[in-house]
Trainee: 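This is the structure I have questions about; it appears just below.
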Amino acid sequence: MSVNIAYIYSVEDYFNNRLKIRMQKKILFDLVVSRNRIKEFKIWLKGIS
């Protein structure tokens, strides 16, 4: 699954050292980043912003 950064509303800490990605209100679900992918996700997020 790919995510368009324009639709990310927030990124929050989630239990068990994971991250929760809250999408904009018109998107009806949230995503959870696994512990194994957090580093890659943060690099991707910093590279785009």
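Just so it is clear, the values below take in all heavy atoms, side chains as well, and ignore hydrogens, waters and symmetry mates. Throughout, residue positions are numbered sequentially from 1 according to the sequence presented.
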Trainee: Any link between Val32 and Phe29 through a network of hydrophobic side chains (Ile, Leu, Val, Met, Phe, Trp, Tyr) touching at under 4.5 Å?
Mentor: no

Trainee: Same cluster or not: Phe15 versus Leu19, using hydrophobic residues (I, L, V, M, F, W, Y) connected whenever any side-chain heavy atoms lie under 4.5 Å apart?
Mentor: no

Trainee: Indicate yes or no: at least one non-hydrogen side-chain atom of Phe41 is less than 4.5 angstrom from one of Val11.
Mentor: yes

Trainee: Roughly how far, to the nearest 0.5 Å, is OH of Tyr14 from CG of Asp30?
Mentor: 8.5 Å

Trainee: Taking only residues two or more places apart in sequence, or in another chain, which ones meet Arg35 in a salt bridge (Lys or Arg N to Asp or Glu O under 4.0 Å)?
Mentor: none

Trainee: When rounded to the nearest 0.5 angstrom, what is the spacing between CG in Asn16 and OG in Ser34?
Mentor: 10.5 Å

Trainee: Do you know the tightest heavy-atom contact between Glu40 and Asn36?
Mentor: OE2-O, 4.4 Å

Trainee: Checking side-chain contact (heavy atoms from CB on, under 4.5 Å) for the pair Leu31/Arg22: CA distance, chi angles, key distance, verdict?
Mentor: CA-CA 7 Å; Leu31 303 171; Arg22 293 201 179 266; over 6 Å; no

Trainee: Would you kindly confirm whether Ile21 and Trp44 end up in one hydrophobic cluster when ILVMFWY residues are joined by side chain heavy atoms under 4.5 Å apart?
Mentor: yes

Trainee: Would Tyr7 and Gln24 count as a side-chain contact (heavy atoms from CB on, under 4.5 Å) here? Give the steps.
Mentor: CA-CA 5 Å; Tyr7 291 103; Gln24 289 183 2; 3.8 Å; yes

Trainee: Can you tell me how far apart CG (Asp13) and CD1 (Ile38) are? Round to the nearest 0.5 Å.
Mentor: 8.0 Å

